[in-house]
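Remarks on the structure that follows.
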Amino acid sequence: MNGYPDNARAVWAYRGWSTYSYHSGFATPMNKRLITVSKFLSKHLRHEPEKLGLNLAPGGWVAVADLLAGAAKVGFPISREELQQVVAENDKRRFALDETGQRIRANQGHSTEVELQLPETDPPEVLFHGTVERFLDEIRAEGLKKMNRHDVHLSPDVQTAIKVGQRRGQPIVLAIDSSKMAADGFKFRVSANGVWLTDHVPPQYIRLA
Ligand code: HQG
């Protein structure tokens, strides 16, 4: 890995950085319910749609009516208003309604089989990946792998990558030479909420940010 010191440098400068998030971090009583709904939606729209009797259509879409019926059936009733509020206010725009408002999907983050129908897109010069120190040796050896998800997730800016890394501890931010990757034939897609997706990032394109 280029520019990789013996002891990986933690991003101490960002210590204490935190933000409001529906999935983690600071939660006021008022948004607690929406956090719970957001987690429920992530679970079923990304990972286990079958638990609500749902099949993801191409693009990851399910009918809102089916989702609400499935949720009620498993004892987690959600109102249409709550659903709309989560879609509109979710900190990372994790979910989207289609133009008719009758279908909903997770914008990214799936582990279940789904064709998201995102077009290949030229990436910016550099992309970022937030991780933690305990993964660095493996990342240095094997590059970034998609692990349990469909794709490797990359962030367009350092702040977002810090947030991603912080989910697991003291964040380490890696910079990815995405323009070089694209020139070498690697494909990139970008989700509706600005997460860059690719299949694998070999170690030679990775350095500490
Ligand atoms: C690490 C969240 C060992 C990788 C976030 C990461 C993001 C390796 C973890 C989205 C490795 C996978 C995705 C290798 C990668 N050896 N560890 N070769 N290659 N890793 O959660 O990128 O809140 O699947 O560094 O904000 O952390 O769900 O991916 O730590 O956008 O909407 O293996 O999930 O969004 O973890 O996060 P994840 P991620 P949501």
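Computation of the quantities below employed the complete heavy-atom set of this structure, encompassing side-chain atoms and omitting hydrogens, waters and symmetry-equivalent molecules. Residue numbers count from 1 along this sequence. All ligand and atom numbering here is 1-based and tracks the order in the structure.
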Inset, instruction - For L144 and ligand 1, answer yes if some heavy atom of the residue is under 4.0 Å from a ligand atom, otherwise no. - result: yes
Inset, instruction - Flag yes if W61 and L45 sit in one hydrophobic cluster, no otherwise; membership is Ile, Leu, Val, Met, Phe, Trp, Tyr, and two members link when side-chain heavy atoms are under 4.5 Å apart. - result: no
Inset, instruction - Could you tell me whether K187 and D199 make a salt bridge, using a distance below 4.0 angstrom between a side-chain N and a carboxylate O? - result: no
Inset, instruction - Flag N148 as yes when one of its N or O atoms lies below 3.5 Å from any N or O atom of ligand 1, and as no otherwise. - result: no
Inset, instruction - Using a strict cut-off of 4.0 Å, indicate which atoms of ligand 1 neighbour a heavy atom of H129. - result: 4 (C), 22 (O), 25 (O)
Inset, instruction - May I ask which of A141, G143, S42 has a heavy atom nearer to atom 14 (C) of ligand 1 than the others do? - result: G143
Legend entry - Derivation and outcome, side chain to side chain donor-acceptor pair (under 3.5 Å), residues S111 and N148: CA-CA 6 Å; S111 60; N148 290 329; over 6 Å; no
Inset, instruction - Could you list the atoms of ligand 1 found under 4.0 angstrom from a heavy atom of T131? - result: 4 (C), 25 (O), 30 (O)
Inset, instruction - Could you go through the side chain to side chain contact (heavy atoms under 4.5 Å, CB included) check for T198 and D151 one step at a time? - result: CA-CA 5 Å; T198 195; D151 312 271; over 6 Å; no
Legend entry - Residue E138 vicinity, atoms of ligand 1 by number, heavy atom under 4.0 Å: 3 (C), 16 (N), 18 (N)
Legend entry - Atoms of ligand 1, numbered as shown, that sit under 4.0 Å from any heavy atom of R94: 23 (O), 32 (O), 40 (P)
Inset, instruction - Calculate, to the nearest 0.5 Å, the distance between atoms CD and OG belonging to Q85 and S79 respectively. - result: 8.5 Å
Inset, instruction - Pick one of side chain, backbone, both or neither for how R46 approaches ligand 1, counting any non-hydrogen atom pair under 4.0 Å. - result: side chain
Inset, instruction - List every atom of ligand 1 that sits less than 4.0 Å from any heavy atom of I139, numbering the atoms from 1 in the order shown and giving each element. - result: 8 (C), 11 (C), 14 (C), 19 (N), 25 (O)
Inset, instruction - Report yes if K145 has an N/O atom closer than 3.5 Å to an N/O atom of ligand 1; otherwise report no. - result: yes
Inset, instruction - Please verify whether a non-hydrogen atom of K163 lies at under 4.0 Å from ligand 1. - result: no
Legend entry - Numbering as shown, the atoms of ligand 1 that approach F135 to under 4.0 Å (heavy-atom distance): 1 (C), 17 (N), 30 (O)
Legend entry - Nitrogen or oxygen of K146 less than 3.5 angstrom from that of ligand 1: no
Legend entry - Contacts of E82 that satisfy salt bridge (charged side-chain N to carboxylate O under 4.0 Å, His left out) - sequence neighbours left out: R33
Legend entry - Sub-4.5 Å side-chain heavy-atom contact between M181 and V201: yes
Inset, instruction - Indicate, as side chain, backbone, both or neither, the part of M147 found under 4.0 angstrom from ligand 1 when only non-hydrogen atoms are considered. - result: side chain
Inset, instruction - Could you pull out all residues at least two apart from A175 that satisfy side chain to side chain contact (heavy atoms under 4.5 Å, CB included)? - result: V126, F128, R207, A209
Inset, instruction - Taking the side chain as every heavy atom from C-beta outward, state whether K180 and Y205 have any atom pair closer than 4.5 Å. - result: yes
